[in-house]
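Ligands are counted one by one from 1 in listed order, and the atoms in each one are counted from 1 as well. A quick note: this is a predicted structure, and the numbers were derived from the prediction, not measured.
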Amino acid sequence: MVRWPAHWPPFLWGASTSSHQVEGNQSNDWTEWENSGHVAEPSGRAADSWNRWPEDLELAKKLGLNSYRFSLEWSRIEPKPGIFDREALQCYRAMIVRMREIGLIPLMTLHHFTLPLWVSTRGGFLNSQASRWFSRYVRIVVEEVGDLVDLFITINEPMVLVVMGYLIAAWPPGGRGFGRALKLIRRLVSIHADAYHTIKRIKPNAWVGLAHHMIQFEPWRPGLLDYANTRLLHYLMNDRLVRMVGEYQDFIGLNYYTRQYAHWTSGLHPIQNRPGVNVSDLGWEIYPHGLTAVLKRVQSFHKPVLVTENGIATRDEALRTRYLEQHLAAVSAAQKAGIDVRGYFHWSLLDNFEWAEGYGPRFGLVEVNYDTLARSIRPAGYRYRDIIQANENTFPVSVPPASTLPAAHP
Ligand code: FCB
């Protein structure tokens with residue numbers, strides 16, 4: 001059993017973003033994919049967080065967070081093979097220094113879906129040199145900012161990367177090959193392991209993991225066939241990669257959004273929803289109990305767990321607030337059942353570029369006006385702040401009824 005260090009806060013209250021979704025990046029594989037017309041709209045300047053990060057961090061502070069999950073943009077740091085942009089590194093360093101000054105523990109993701117063009121045009125992570133390239137980048141980063149960061153995520157959602165980019169061609173590089181997808185899974189595991197060792201060599205006390213996307217799969221109908229298919233989906237999509245990574249993860253990072261159904265005739269293509277269920281603007285079912293269920297599943301790995309993403313695309317603040325409360329209650333239920341959940345990072349701190357779907361979906365605790373780039377905290381953000389305040393020094397976490405808290409306003 002791995003123990004959460006006693007000198008860290010018992011629970012990380014956070015929110016997440018990723019570089020490409022908020023910064024405004026122009027020279028990675030996603031920009032190219034967007035410019036060749038594959039998505040609803042190109043990311044352009046996004047939320048311009050590359051310039052507005054001081055304001056974004058102040059907003060995180062205003063929400064009362066004690067941690068912030070963000071990612072570094074590899075294409076900024078190493079725009080050409082082996083050529084590192086010191087200015088970009090300095091900018092990230094300044095960002096992390098500021099986080100610490102205002103009491104935000106940095107949770108740093110090293111790869112969140114985007115690759116520098118010089119990597120993607122050479123076959124991306126399937127190139128036999130990719131692990132060497134990634135570890136070199138990781139080493140430079142950890143040498144530069146490792147003194148300020150204790151928590152690292154090497155790769156965000158490896159299985160989503162595989163499915164979207166290599167099986168259903170919805171994301172770059174637009175592949176559809178089962179063989180290549182399986183090869184990529186093995187490759188990502190070894191890229192992660194090399195990066196894990198690279199970090200540990202420089203900073204032995206660092207905590208390093210991945211953010212695993214987990215869907216709560218359930219049988220469409222009672223009966224053996226759908227049940228067997230459910231087990232298969234859980235194994236292939238949720239558990240297999242975690243098992244393959246094995247000991248080379250100090251915590252389990254878990255991104256949870258929704259439930260899907262297994263029907264034996266649909267094989268590896270789960271059914272998204274039963275008719276009539278409550279869904280987000282992206283059509284994802286709202287199913288808080290699924291978070292407790294996936295947390296219980298990862299208990300078998302005997303590691304502390306961080307919920308590294310959870311949130312809803314909606315323009316309805318009452319719905320966002322309820323989603324937040326119900327999913328925090330699901331975390332609390334998991335803790336009471338003995339699962340060592342040590343953090344919750346809401347997706348997202350602010351509205352951002354939602355990949356193939358563009359700017360329509362609104363995930364932010366903070367609203368971004370894309371014309372003016374003005375930010376404003378949404379009611380759900382204030383409710384989150386009040387829940388965090390009510391939980392000062394408490395563990396397991398609890399979600400007090402709104403009526404017992406000050407009204408959710410500035
Ligand atoms: C996750 C991604 C994140 C965001 C949310 C909605 O799968 O990690 O970048 O797009 O979904």
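Annotation: W13 is in aromatic contact with F11 [ring centroid separation under 6.0 Å].
W171 and W355 have tilted rings, their planes meeting at an angle from 30° to 60° on a 0 to 90° scale. The aromatic rings of W284 and Y257 sit perpendicular to each other, their planes meeting at more than 60°, with 30° as the lower class boundary. Using cut-offs of 30° and 60° on the angle between ring planes, the pair W74 and Y137 is parallel.
Looking from atom 7 (O) of ligand 1 to the surrounding protein, the closest heavy atom is E157 OE1, 2.5 Å. Among protein heavy atoms, atom 10 (O) of ligand 1 sits closest to E354 OE1, 2.7 Å. Protein heavy atom at the shortest distance from atom 5 (C) of ligand 1 is Y257 OH, 3.2 Å.
Atoms of ligand 1 lying under 4.0 Å from at least one heavy atom of F363, given by number and element, are 6 (C). Within ligand 1, counting atoms from 1 as listed, the ones closer than 4.0 Å to a heavy atom of N156 are 8 (O). Close contacts between ligand 1 and Q21 involve ligand atoms 3 (C), 4 (C), 9 (O), 10 (O) [criterion: under 4.0 Å to a heavy atom].
Counting only N and O atoms by type, the side chains of T292 and K296 include no donor and acceptor under 3.5 Å apart. S131 and D194 form a side-chain donor-acceptor contact under 3.5 Å, judged by distance and modelled atom types alone. No side-chain N or O of S16 forms a donor-acceptor pair with one of E309 less than 3.5 Å apart.
Of all the heavy atoms of V160, none lies under 4.0 Å from any atom of ligand 1, so neither backbone nor side chain is involved.
Annotation: E309 places an N or O atom under 3.5 Å from an N or O atom of ligand 1; distance criterion only. On a distance-only criterion, W284 and ligand 1 share no N/O pair closer than 3.5 Å. Considering backbone and side-chain N/O of H112, one or more are found under 3.5 Å from N/O of ligand 1.
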